There are 2 protein chains.
Amino acid sequence: MDQRQALAAFGALSQETRLHIIRMLVVSGPDGMAAGSIAERAEVSPSNVSFHLKELERAGLITQQRESRSIIYTANYEALGGLIRFLMEDCCGGNAEICAPAAAVAACCAPATKEELQ
Amino acid sequence: MDQRQALAAFGALSQETRLHIIRMLVVSGPDGMAAGSIAERAEVSPSNVSFHLKELERAGLITQQRESRSIIYTANYEALGGLIRFLMEDCCGGNAEICAPAAAVAACCAPATKEELQ
DNA sequence: TCAACGATTCAAGGATTATTGAAATATGGA
DNA sequence: TCCATATTTCAATAATCCTTGAATCGTTGA
């Protein structure tokens, strides 16, 4: 994730509807969600959700794939992880004071990485 | 850090000049930098830097404090850490797949938090 | 008090982004 | 083929954001 991508990602996440969409897609995992379901649960019009989905895709945070009549959108976990990493490393310079709370979260949710601490 | 603050912070970081300013302020630490120095190093006009500094302050990412004729801006480490935490917890749901790369960074830059893993 | 310095505020403009509803596209089934 | 479904695209409008330069404000030292 370079600065260009990070700027786009921050812009994409700075809008309420889009942040809501990302959260839903993260929760729904690899199965993703159809555009219509997203629109329904986010309570926005089809054309409006399409606009925001395009924006999220342009930022690399989600991907799409047609499944019969529906278009399924899926969160790009790699990009989201990359953004967190960008924020910690490139933006905050790996500063311990800033990263500490993140490390605490990481300890809780990603036990697999404990090995990397040896 | 609640969603309202996170949205503002994402918006603040989605602009090249502002991202540049944050990086400089993180590096300069508690000493911070005067508005004039920031403008000079970011190569933008005084009024323009003032506009962006106000935006960053509104988002809670920096604080200001007058020092004689200068106004010194300082990065708010707590807010930056809070944003990373928001991204990991609230937005990404603590999903291990997403948080893994962050945990790897945390392992390198914040050894003090190792204790929290016991 | 006055001039100079460091910075902000303001108004105007240009540029980008968001919302809306109508029209167009693609797919699947009768 | 024709219709219904799922979604996108388009054009128009509204809203927000960025940039610029001139004017203003607060501080310091002569």
Side-chain angles (χ1 to χ4, degrees), chain A residues 3-25 28 31-76, chain B residues 3-25 28 31-76:
Chain A
Q3 171 167 320
R4 182 158 223 83
Q5 290 176 289
L7 283 168
F10 285 136
L13 296 178
S14 71
Q15 210 280 341
E16 196 165 10
T17 301
R18 288 197 294 260
L19 185 56
H20 187 188
I21 292 173
I22 282 288
R23 290 170 122 147
M24 292 195 299
L25 291 182
S28 71
D31 289 348
M33 287 177 77
S37 312
I38 297 171
E40 198 179 353
R41 282 199 32 202
E43 297 184 322
V44 295
S45 73
S47 86
N48 189 246
V49 91
S50 197
F51 168 81
H52 288 304
L53 287 169
K54 201 168 68 174
E55 201 66 14
L56 285 167
E57 198 182 17
R58 202 177 57 79
L61 296 177
I62 64 175
T63 55
Q64 66 166 195
Q65 126 200 42
R66 183 176 277 279
E67 183 121 350
S68 176
R69 276 193 269 221
S70 299
I71 294 184
I72 308 293
Y73 285 90
T74 314
N76 183 349
Chain B
Q3 169 165 321
R4 180 158 224 84
Q5 290 176 287
L7 283 169
F10 285 136
L13 295 178
S14 71
Q15 210 279 340
E16 196 165 10
T17 301
R18 289 196 294 259
L19 184 57
H20 187 188
I21 291 173
I22 281 289
R23 290 169 121 147
M24 292 195 298
L25 291 182
S28 71
D31 289 348
M33 287 177 76
S37 312
I38 297 171
E40 197 179 354
R41 283 198 33 202
E43 296 182 324
V44 295
S45 73
S47 88
N48 189 245
V49 91
S50 198
F51 169 81
H52 288 305
L53 288 169
K54 200 167 67 173
E55 201 67 13
L56 286 167
E57 198 182 17
R58 202 177 55 80
L61 296 176
I62 64 176
T63 54
Q64 68 166 195
Q65 124 201 43
R66 182 176 277 277
E67 182 121 349
S68 175
R69 275 193 269 221
S70 300
I71 294 185
I72 308 295
Y73 284 90
T74 313
N76 183 351

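Chain identifiers are assigned alphabetically (A, B, ...) following the order of the sequence lines, protein sequences preceding nucleic acid strands; residue numbering begins at 1 within each chain. Just so it is clear, the structure is predicted and the values come from calculations on it, not from any experiment.
Put simply, CD on A/Glu16 is 13 Å from C1' on C/dA18, counting in whole angstrom units. Here C/dA7 presents its C1' atom at 11 Å from CD1 of B/Ile38, a figure rounded to the nearest Å. Atom CD in A/Glu67 sits about 14 Å away from atom C1' in C/dG28, given to the nearest Å. The interatomic distance linking A/Asn48 (CG) with C/dG21 (P) rounds to 11 Å, in whole Å. Distance, B/Arg66 CZ to C/dG6 P: 12 Å, rounded to whole Å. Rounded to whole Å, atom C1' of C/dT9 lies 16 Å from atom CZ of B/Arg58. Atom CG in A/Leu13 sits about 17 Å away from atom C1' in C/dA18, given to the nearest Å. Between the P atom of C/dA11 and the CZ atom of B/Phe51 lies a distance of 15 Å, rounded to the nearest Å.
A donor-acceptor contact shorter than 3.5 Å is absent between the side chain of B/Ser50 and the backbone of B/Ser47. For the pair B/Arg41 (side chain) and B/Glu43 (backbone), a donor-acceptor distance under 3.5 Å is absent. Side-chain atoms of B/Arg66 come within 3.5 Å of backbone N or O of B/Ser68 as a donor-acceptor pair. The closest donor-acceptor contact from the side chain of A/Ser45 to the backbone of A/Asn48 lies under 3.5 Å.
At C/dT8, one or more side-chain N or O atoms of B/Tyr73 fall inside 4.0 Å of OP1 or OP2 (strictly under the cut-off). For C/dT17, neither phosphate oxygen OP1 nor OP2 lies less than 4.0 angstrom from any side-chain nitrogen or oxygen of A/His52.
Between A/Arg18 and A/Ile22 the shortest side-chain heavy-atom distance does not fall below 4.5 Å.
Not a single donor-acceptor contact under 3.5 angstrom links the side-chain atoms of A/Ser68 to the base of C/dG28.
Nucleic acid contact class of B/Thr17 (heavy atoms, under 4.0 Å, all strands): none. Using a 4.0 Å heavy-atom cutoff across all strands shown, A/Gln15 reaches sugar-phosphate atoms only and no base atom. Heavy atoms of A/Ala39 sit nowhere under 4.0 angstrom from any nucleic acid atom.
The footprint of chain B on DNA chain D, defined by a heavy-atom cutoff below 4.0 Å, extends from D/dC18 to D/dT28.
Each of A/Arg69 and A/Ser47 lies near DNA chain C, and the nucleotide nearest A/Ser47 is the one positioned closer to the 5' end. Toward the 5' end of DNA chain C, the nearer of the two residues B/Ser70 and A/Ser45, judged by each one's closest nucleotide, is B/Ser70.
In A/Gln3, the CD atom is crowded: over 12 heavy atoms of neighbouring residues, nucleotides or ligands sit closer than 6.0 Å.
Classification of B/Glu55 and B/Arg58 as a salt-bridged pair holds, one side-chain N sitting under 4.0 Å from a carboxylate O.
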